[in-house]
Amino acid sequence: MKAAWYERNGPAREVLVVGEWDTPSPGAGEVLVRIHASGVNPSDVKSRAGRPLVGPRVIPHSDGAGVIVDVGPGVPRERVGERVWLWNGQWKRPMGTAAEFIAVPQHQAVHLPDGTGFEEGACLGIPALTALNALTTDGPVWGQTVLVAGGAGAVGAYAVQFAKLLGAGQVVATVSSDEKAALARAYGADHTINYREGRLVEAVRELTGGRGIDRIIEVDAAANIKDLPQIVARDGLCVVYGSGAPDIPVPFGPMILIGAAMRFFVVYELTPPVRDRLVASLNAYLQAQRLQHSVAARYPLDQIAAAHEAVESGKVVGNVVLTLQPSGPSA
């Protein structure tokens with residue numbers, strides 16, 4: 001099969017190789033999926049750039065979508081031909097979705113509802129599940145004011161939508177441009193705040209009558225931690241799924257005085273019960289066609305280095321995918 005891989009960390013164009021690789025066979029409890037689209041996430045890029053390798057050769061990417069073409073012992077043959085989306089493809093193992101085929105445990109190949117294309121399916125494992133968990137952990141958001149940091153981004157776009165679908169009373173999105181503000185509003189944001197203008201705290205106070213935000217969905221805790229005590233409501237919740245630095249100096253005094261809480265999580269390490277709940281909920285939304293998907297850039301497998309560079313640039317508004325087969329619901 002055709003695949004992309006790297007054998008050492010470094011810049012995309014220096015370490016990524018595209019060539020032939022032995023097609024895997026599904027083991028007990030596994031399915032073999034022919035990949036139609038592979039999602040390129042920031043975590044995939046960071047792993048290639050500098051995280052310890054989990055094997056001598058690493059086929060990157062966690063997310064993907066395609067069709068089951070074979071099954072291993074213990075898996076019903078009826079699953080052959082099923083359209084699926086994948087999660088944790090390359091987590092703690094060297095073989096990810098940047099290849100024509102991947103063998104994964106059958107529960108990591110989730111039925112892809114009709115009406116959702118393979119490219120959109122490749123955006124679900126990290127972006128959509130991260131957003132959905134951020135909106136459902138530690139209680140409901142019904143009637144609450146929710147702020148989504150980076151409301152036009154890969155995770156943020158889904159988070160804005162889930163906040164509205166789950167009954168949030170007011171959804172505020174931070175953005176960095178008028179273009180992103182328009183996108184966030186198209187996803188359902190009631191208000192947008194351009195954080196580059198330096199008026200985040202004042203804008204939040206104006207929008208909430210001085211009360212603050214009930215739930216903050218935070219993409220970069222290191223960059224924004226200083227603002228959190230000033231914008232979170234009393235007994236509010238800050239849900240953190242990302243940070244631009246490993247260490248965050250939390251302002252203990254201001255946070256404890258208002259009883260604020262912080263929840264940290266990484267989507268790769270969700271527990272099975274939480275994962276099962278999120279997957280079932282997400283697929284119900286897909287089945288009902290309640291979600292918009294933001295596929296911003298598409299690259300063929302041969303151009304994987306360019307795809308990684310696009311993610312690293314931070315200029316792509318939405319998800320980046322590799323296309324390995326004709327995409328679409330009927331492909």
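Note that the numbering runs from 1 along the sequence shown for the chain.
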Listed partners of Lys226 passing salt bridge (charged side-chain N to carboxylate O under 4.0 Å, His left out), at least two apart: none

Ser294 backbone acceptor or donor facing Asn319 side chain under 3.5 Å: yes

CZ/Arg51: more than 12 non-hydrogen atoms of other groups inside 6.0 Å: yes

Common cluster, Val146/Leu129, ILVMFWY with side-chain heavy-atom separation under 4.5 Å: yes

Same apolar cluster (I L V M F W Y, side chains within < 4.5 Å links), Phe101/Val17: yes

Taking every non-hydrogen atom, the tightest pair across Leu322 and Pro300: CD2-O, 3.8 Å

Considering all heavy atoms, the nearest Tyr241-Gly156 contact: OH-N, 4.5 Å

Within 6.0 Å of CG in Leu53, more than 12 heavy atoms from elsewhere: yes

Main-chain N/O of Val15 paired to Arg48 side chain as donor or acceptor, under 3.5 Å: no

Evaluation steps, side chain to side chain contact (heavy atoms under 4.5 Å, CB included), between Lys2 and Val18: CA-CA 7 Å; Lys2 194 174 183 179; Val18 177; 3.7 Å; yes

Under 3.5 Å donor-acceptor, Gln292 side chain and Ala186 backbone: yes

Side-chain donor or acceptor of Thr97 paired with backbone N/O of Asp63 under 3.5 Å: yes

Gln287: partners by side chain to side chain contact (heavy atoms under 4.5 Å, CB included), with sequence neighbours left out: Pro113

Leu32 CG to Met1 CE distance, which is reported to the nearest 0.5 Å: 8.5 Å

Reported CG-to-CZ distance for the pair Asp114 and Arg83, which is rounded to 0.5 angstrom: 6.0 Å

Tyr268 side chain reached by Ile126 side chain, heavy atoms, under 4.5 Å: yes

Shortest non-hydrogen contact between Leu147 and Ile213, atoms and distance: N-CG2, 3.5 Å

Separation between CG of Leu86 and CD of Gln108, rounded to the nearest 0.5 Å: 8.0 Å

Donor-acceptor contact below 3.5 Å, side chain Arg298 vs main chain Glu119: no

Under 3.5 Å: donor-acceptor pair, side chain of Glu269, backbone of Phe265: no

Ile304 and Tyr299, any side-chain heavy atoms less than 4.5 Å apart: no

Reported OG1-to-CG distance for the pair Thr137 and Leu132, which is rounded to 0.5 angstrom: 11.0 Å

Smallest separation among heavy atoms of Tyr187 and Gly151, with atom names: CD1-O, 4.2 Å

Min side-chain heavy-atom separation Lys92-Val54 under 4.5 Å: no

Connected via hydrophobic side-chain network under 4.5 Å: Val155 and Val317: yes

Matching residue for Val204 among Thr174, Ile193, Val232, Thr145 - test: side-chain contact (heavy atoms from CB on, under 4.5 Å): Ile193

Evaluation steps, side chain to side chain contact (heavy atoms under 4.5 Å, CB included), between Trp91 and Val267: CA-CA 11 Å; Trp91 183 241; Val267 71; over 6 Å; no

ILVMFWY network linking Val58 to Leu16, side-chain heavy atoms under 4.5 angstrom: yes

Asp138/Arg215 ion pair, N-O < 4.0 Å: no

Side chain to side chain contact (heavy atoms under 4.5 Å, CB included) evaluation trace for Leu282 with Tyr158: CA-CA 11 Å; Leu282 175 55; Tyr158 283 119; 6.0 Å; no

Exercise: identify the closest heavy-atom pair between Leu270 and Val274: CD2-CG1, 4.1 Å

Test item: Asp214 side-chain N/O and Ala233 main-chain N/O as donor-acceptor pair under 3.5 Å: no

Gln106 side chain vs Val31 backbone, donor-acceptor pair below 3.5 Å: no

Side chain proximity check, Val71 to Glu78, heavy atoms < 4.5 angstrom: no

Leu124 vs His293 side-chain heavy atoms within contact, under 4.5 Å: yes

Close side-chain approach of Tyr6 to Ser47, heavy-atom, < 4.5 Å: yes

From CD (Gln161) to CZ (Arg290), nearest 0.5 Å: 10.5 Å

Residue pair Arg57, Glu7: steps toward the side chain to side chain contact (heavy atoms under 4.5 Å, CB included) verdict: CA-CA 5 Å; Arg57 278 187 172 184; Glu7 298 176 338; 2.6 Å; yes

Test item: Ser281 side-chain N/O and Leu278 main-chain N/O as donor-acceptor pair under 3.5 Å: no

Expected output: side-chain Thr116 to main-chain Leu112 donor-acceptor under 3.5 Å: no

Pairwise side-chain contact, Leu291 with Leu165, heavy-atom cut-off 4.5 Å (strictly under): yes

Lys/Arg-Asp/Glu bridge criterion (N-O < 4.0 Å) met for Glu82, Arg79: yes

ILVMFWY cluster, Val80 and Ile35 together (side-chain gap under 4.5 Å): yes

Whether Phe118 and His36 hold their rings parallel, tilted or perpendicular, with breakpoints at 30° and 60°: tilted

Nearest heavy atoms of Leu135 and Val141, plus distance in Å: O-CG1, 3.4 Å

Contacts of Asp220 that satisfy salt bridge (charged side-chain N to carboxylate O under 4.0 Å, His left out) - sequence neighbours left out: none

Any side-chain heavy-atom pair of Cys238 and Met255 under 4.5 Å: yes

From Glu30 atom CD to His107 atom NE2, the distance as rounded to the nearest 0.5 Å: 10.5 Å

